[in-house]
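Counting from 1, the numbers follow the sequence of the chain as shown. All of these numbers come straight from a predicted model, not from anything done at the bench. Counting starts at 1 for both ligands and their atoms, following the listed order.
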Amino acid sequence: MQEKIEVLGVPFDNVTMNEAATRVSQFVASPEVHTVFTPNPEIIMLAKKNEKLFAILKKASLVVPDGIGVVIASKIRKGGILKERVAGYDLVQNTMKQAAGKGYKYYFLGSKPGVAKEAAKQMAITYPGIQIVGTHDGYFKPEETFDIIEDINKSKANILLVALGAPKQEIWIDENKHLLKHVKVLIGVGGSLDVMAGVAKRAPLLFQKTGLEWFYRLMKQPTRITRMMVLPQFLIEVMLNKEEKK
Ligand code: UDP
């Protein structure tokens with residue numbers, strides 16, 4: 001059984017990036033459907049207020065920390081320190097590196113019209129031989145969901161990336177995963193399709209490695225400050241809940 005480390009009640013799998021990628025490949029080969037989520041402090045704080053989101057994260061197949069803040073939180077609280085940050089974008093890239101020989105078939109769902117398609121085009125250039133069997137944007141009406149599910153089923157995709165932002169993507173995954181015929185793993189990927197398409201940029205490696213990607217994003221997009229105000233609140237909560245047990 002995988003070691004779990006709770007941060008404000010959200011159970012994280014204590015895995016390295018490589019271990020997380022291995023788990024995803026095991027999921028693709030298994031008969032059941034699996035869910036993968038990558039909460040950052042903002043999503044954990046959201047889950048504290050949103051019972052539905054909290055329950056979805058608790059029953060997920062794999063939960064990894066997308067954000068250095070979550071790893072820091074695991075150091076503050078007692079009961080185990082998370083091995084490393086496993087950003088959703090990097091996890092997906094790691095699966096794509098091995099995709100060609102493994103029969104992975106991706107479907108990209110989410111982001112503004114045209115972005116998922118462009119992301120597919122870019123990934124096909126980066127990873128020759130990769131199979132991206134369908135795309136759909138993330139601005140659809142609830143009544144269109146049925147047609148999207150049909151399209152995913154027809155495509156025979158076995159990995160579905162869902163980029164609708166939190167908590168929309170987590171809820172969509174939970175409500176629709178049982179309707180998918182071939183998909184074995186659904187991953188909530190936030191803004192990753194924007195990065196794959198080149199619409200948004202990751203911070204330079206130096207910022208990523210020093211745990212300052214959040215700072216880079218703030219400099220580039222100062223309006224993120226309101227979203228980021230949740231980070232100090234998150235750390236205060238964690239300190240107040242220091243005794244939290246596994
Ligand atoms: N999005 C979408 N449908 C919606 C709302 C959002 O497809 O109804 C997309 C949005 O275009 C973006 C992604 O969801 O590509 C969320 O990005 P965000 O930066 O919020 O995610 P983060 O990585 O910060 O969690």
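Protein heavy atom closest to atom 5 (C) of ligand 1, with residue, atom name and distance, is Leu164 O, 3.4 Å. Among protein heavy atoms, atom 21 (O) of ligand 1 sits closest to Gly191 N, 3.3 Å. Ser111 N, 2.8 Å is the protein heavy atom nearest to atom 7 (O) of ligand 1. Here the heavy atom of the protein found nearest to atom 10 (C) of ligand 1 is Tyr139 OH, 3.4 Å. Atom 24 (O) of ligand 1 has as its closest protein heavy atom Arg227 NH2, 3.0 Å. Among all non-hydrogen protein atoms, the one lying nearest atom 13 (C) of ligand 1 is Gly190 O, 3.5 Å.
Counting the atoms of ligand 1 from 1 in the order shown, those under 4.0 Å from a heavy atom of Lys168 are 4 (C), 8 (O). Numbered from 1 in the order shown, with element, the atoms of ligand 1 that lie under 4.0 Å from a heavy atom of Gly165 read 13 (C), 14 (O), 16 (C).
Using a 4.0 angstrom heavy-atom cutoff, Gln169 does not count as in contact with ligand 1. Not close to ligand 1: Leu193, with no non-hydrogen atom less than 4.0 angstrom away.
Placement of Met45 and Phe12 within a single hydrophobic cluster is found when ILVMFWY residues are connected by side-chain heavy-atom separations under 4.5 Å, directly or transitively. There is a path of hydrophobic side-chain contacts, each under 4.5 Å, that joins Ile72 to Val70.
Looking at Lys209, Arg202, Arg85 one by one, the single match for salt bridge (charged side-chain N to carboxylate O under 4.0 Å, His left out) with Asp90 turns out to be Arg202. The salt bridge (charged side-chain N to carboxylate O under 4.0 Å, His left out) with Asp174 is formed by just one residue from the set Lys168, Lys59, Lys58; it is Lys59.
In Asp194, the part holding a heavy atom less than 4.0 Å from any atom of ligand 1 is the side chain.
Considering both main-chain and side-chain atoms, Ala163 comes within under 3.5 Å of ligand 1 through a nitrogen or oxygen pair. Considering backbone and side-chain atoms alike, Gly138 places an N or O below 3.5 Å from some N or O of ligand 1. Considering backbone and side-chain atoms together, Gly110 places no N or O closer than 3.5 Å to any N or O of ligand 1.
Remark: Met219 CE is packed, more than 12 non-hydrogen atoms of other residues, nucleotides or ligands lying under 6.0 Å away.
Counting heavy atoms from C-beta on, the side chains of Ile187 and Leu161 come closer than 4.5 Å. For the pair Glu42/Phe234, no side-chain contact is recorded, criterion being any heavy-atom separation below 4.5 Å from C-beta on.
Salt bridge annotation for Glu32-Lys177: absent, with no cationic side-chain nitrogen under 4.0 angstrom from a carboxylate oxygen.
A distance-only check finds no donor-acceptor pair linking the side chain of Glu213 to the backbone of Gln208 [under 3.5 Å].
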